[in-house]
A.B. asks: 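Sharing a structure, written as structure tokens. Questions coming.
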Amino acid sequence: MTLSGLFLYPVKGCRGLPVAEAQVDALGLAGDRRFMIVDLAGKFLTQRSHPRMALINTALTGSTLTLTAAGQDELVVARGSDSAAPLRMVEVWGSTGLQAEDCGERAAAWVSDAIGSPARLVRAGTAFQRFVKPAKARPGDVVSFADAFPFLIVSEASLADLNGRLSARGENPVPMNRFRPNLVINDCPAFAEDTWPRLRIGAVTFRAGGHCARCVVTTTDQESAERGKEPLRTLASYRRDPASPGDVIFGQNLIHETKTGTLRVGDAVMPV
């Protein structure tokens, strides 16, 4: 088995980036979900409520994040922490009181225009600290603005299984970007990623955090922001979480036990 795809999502909920390699740090992949769009009360916003976020393109250099969207000038903001930036209290699901750096008025106006409602852009700086949920955490396990875990893995075979079922129903296949994984693997059976308590990719070791419960984002075309009923409807027919039947699952959450290193497309993948 090998790592066949590696993806960053610099701004939570916005368009992702395929990369050939990425550094691993304490929060996950360096550059992944280190920015977030929030409402004026500091609550996180995603494609669940604002599907137009799929149309915001992201690009990274070593020092900057660039956002582009149709009809707007590009926005460039610094990636690094800024001690002069005002801190804003934000929340992601049950994680409240998180201290994030506000990226300023121009950034706020830009993201507000892009999603069509008042919003702010915030960054995870030196004051940011968020722990992985206690039921799955060990000392030192922290996470970015991701929903709950530092990594999400999906196999090509799992997507092929789903697309076969969609085709049998007369529905169109869906691309991997509907599921927004960080890690894509090949040469394994469908849903093998659900079965490994621990695995190693290259020199980085991970342990399972649990199934990923899927939502309406999977029904959002990442190129047009248009929404339908698939693939969530088909997944619901055969991918229910046995421990929580209300959850429709696809992919496995991961916590990295190796807190530094490099992941590269082509790295060997091995259960350990």
Side-chain angles (χ1 to χ4, degrees), residues 1-36 44 46-47 53-54 57-60 65 79 92-93 124 130 132-133 136-137 141-159 162 174-188 191-194 196 198-215 217-218 220 222 249-271:
M1 295 181 291
T2 59
L3 183 66
S4 59
L6 186 58
F7 298 89
L8 302 176
Y9 305 90
V11 182
K12 181 178 180 66
C14 295
R15 190 167 289 177
L17 294 173
V19 295
E21 67 175 59
Q23 299 300 307
V24 174
D25 63 18
L27 295 174
L29 289 176
D32 184 60
R33 296 174 174 95
R34 306 305 167 90
F35 291 82
M36 182 168 68
F44 75 106
T46 71
Q47 292 181 36
M53 290 175 68
N57 298 294
T58 58
L60 294 173
L65 164 74
R79 288 178 62 181
V92 182
W93 295 115
R130 182 183 177 215
V132 173
K133 60 177 63 177
K136 299 292 184 178
D141 288 340
V142 292
V143 63
S144 65
F145 293 131
D147 275 356
F149 292 93
F151 290 85
L152 173 65
I153 188 170
V154 177
S155 71
E156 292 181 2
S158 299
L159 180 63
L162 168 61
V174 296
M176 186 65 80
N177 65 12
R178 291 289 186 97
F179 302 98
R180 301 174 64 81
N182 297 111
L183 310 170
V184 178
I185 57 174
N186 61 12
D187 296 326
C188 68
F191 309 110
E193 62 270 30
D194 293 353
W196 302 322
R198 296 175 75 243
L199 71 154
R200 182 180 298 120
I201 302 177
V204 180
T205 301
F206 302 84
R207 71 177 185 278
H211 301 303
C212 182
R214 309 314 306 214
C215 69
V217 172
T218 63
T220 307
Q222 297 298 295
I249 56 175
F250 191 85
Q252 179 75 205
N253 294 304
L254 297 177
I255 303 166
H256 54 312
E257 296 179 349
T258 306
K259 301 301 185 186
T260 62
T262 305
L263 292 173
R264 298 178 178 88
V265 172
D267 278 348
V269 178
M270 181 181 300

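It should be emphasised that the depicted structure is a prediction, and the values quoted were computed from it without experimental measurement. Side-chain atoms are counted along with the backbone in the values below, which use heavy atoms only and exclude waters and symmetry mates.
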A.B. asks: Check whether any side-chain N or O of Asn253 sits under 3.5 Å from a backbone N or O of Leu152 as a donor-acceptor pair, and report yes or no.
C.D. replies: no
A.B. asks: Distance check, rounded to the nearest 0.5 Å: Gln47 atom CD versus Thr218 atom OG1?
C.D. replies: 10.5 Å
A.B. asks: Can you confirm whether Arg200 is buried at CZ, in the sense that more than 12 heavy atoms of other residues, nucleotides or ligands lie under 6.0 Å from that atom?
C.D. replies: no
A.B. asks: Does the Asp32 side chain pair with the main chain of Leu8, one donor and one acceptor, at a distance under 3.5 Å?
C.D. replies: no
A.B. asks: Working note: Thr205 + Glu257, criterion side chain to side chain donor-acceptor pair (under 3.5 Å); need CA distance, chi angles, decisive distance, verdict.
C.D. replies: CA-CA 6 Å; Thr205 301; Glu257 296 179 349; 5.5 Å; no
A.B. asks: Between Ser144 and Arg34, is there a donor-acceptor pair closer than 3.5 Å when you use the side chain of the first and the backbone of the second?
C.D. replies: no
A.B. asks: How far does OG of Ser4 sit from CG of Asp267, to the nearest 0.5 angstrom?
C.D. replies: 11.5 Å
A.B. asks: If you compare all heavy atoms of Gly13 against all heavy atoms of Met53, which two are closest, and at what distance to 0.1 Å?
C.D. replies: O-CB, 3.5 Å
A.B. asks: So which heavy atom on Arg178 is nearest to which on Thr220, and how close?
C.D. replies: CD-O, 3.2 Å
A.B. asks: Side chain of Gln222, backbone of Ala54: donor and acceptor closer than 3.5 Å?
C.D. replies: no
A.B. asks: Strictly under 6.0 Å, is that where the ring centroids of Phe179 and Phe250 end up?
C.D. replies: yes
A.B. asks: Could you check if a side-chain atom of Val143 sits within less than 4.5 angstrom of a side-chain atom of Val92, using non-hydrogen atoms only?
C.D. replies: no
A.B. asks: Write down the atom of Leu65, the atom of Arg79, and the distance for their closest heavy-atom approach.
C.D. replies: N-CG, 3.7 Å
A.B. asks: To the nearest 0.5 Å, what is the distance between CG on Leu263 and CD1 on Ile201?
C.D. replies: 6.0 Å
A.B. asks: Locate the shortest heavy-atom distance separating Leu3 from Val269; write the atom from each residue and the value.
C.D. replies: N-CG2, 3.6 Å
A.B. asks: Strictly below 4.0 Å, N to O, side chains only: are Lys12 and Asp147 in salt-bridge contact?
C.D. replies: yes
A.B. asks: Do Val174 and Leu159 come close enough that some side-chain heavy atom pair is under 4.5 Å?
C.D. replies: yes
A.B. asks: Side chains of residues 16-23: which donor-acceptor partners sit under 3.5 Å, not counting sequence neighbours?
C.D. replies:
from, atom 1, to, atom 2, distance (Å)
Glu21, OE1, Arg264, NE, 3.4
Gln23, OE1, Thr262, OG1, 3.0
Gln23, NE2, Thr262, OG1, 3.1

A.B. asks: Nearest 0.5 Å, please: how far is OG1 in Thr260 from CG in Asp25?
C.D. replies: 9.5 Å
A.B. asks: A side-chain contact here means heavy atoms from C-beta on lying under 4.5 Å apart; do Leu254 and Leu199 qualify?
C.D. replies: yes
A.B. asks: Would you check if the side chain of His256 reaches a backbone N or O of Leu29 as a donor-acceptor pair within less than 3.5 Å?
C.D. replies: no
A.B. asks: List for me each residue that meets ring pair (Phe, Tyr, Trp, His ring centres under 6.0 Å) alongside Phe206, sequence neighbours excluded, and say none if there are none.
C.D. replies: Phe151
A.B. asks: Looking at Arg33 and Pro10, would you say the former's side chain and the latter's main chain have a donor-acceptor pair under 3.5 Å?
C.D. replies: no
A.B. asks: Heavy atoms only: give me the nearest Leu27-Pro150 pair and the separation to one decimal.
C.D. replies: O-CB, 3.6 Å
A.B. asks: Before accepting this row, confirm whether a basic side-chain N of the pair Lys133/Asp141 lies closer than 4.0 Å to the acidic partner's carboxylate O.
C.D. replies: no
A.B. asks: Can you check side-chain contact (heavy atoms from CB on, under 4.5 Å) on Thr58 and Phe35, steps first, answer last?
C.D. replies: CA-CA 11 Å; Thr58 58; Phe35 291 82; over 6 Å; no
A.B. asks: What I'd like to find out is whether the side chain of Phe145 reaches to under 4.5 Å of the side chain of Val11, using heavy atoms alone.
C.D. replies: no
A.B. asks: At what distance, to the nearest 0.5 angstrom, does CD of Glu156 lie from CG of Asp187?
C.D. replies: 7.5 Å
A.B. asks: Between Trp196 and Gln252, is a side-chain contact (heavy atoms from CB on, under 4.5 Å) present by the stated rule, with each step listed?
C.D. replies: CA-CA 9 Å; Trp196 302 322; Gln252 179 75 205; over 6 Å; no
A.B. asks: Search all heavy atoms of Thr258 against all heavy atoms of Val24 and return the closest pair with its distance.
C.D. replies: O-CG1, 3.7 Å
A.B. asks: Supply the atom-to-atom distance Cys212 SG to Ile249 CD1, rounded to the nearest 0.5 angstrom.
C.D. replies: 9.5 Å
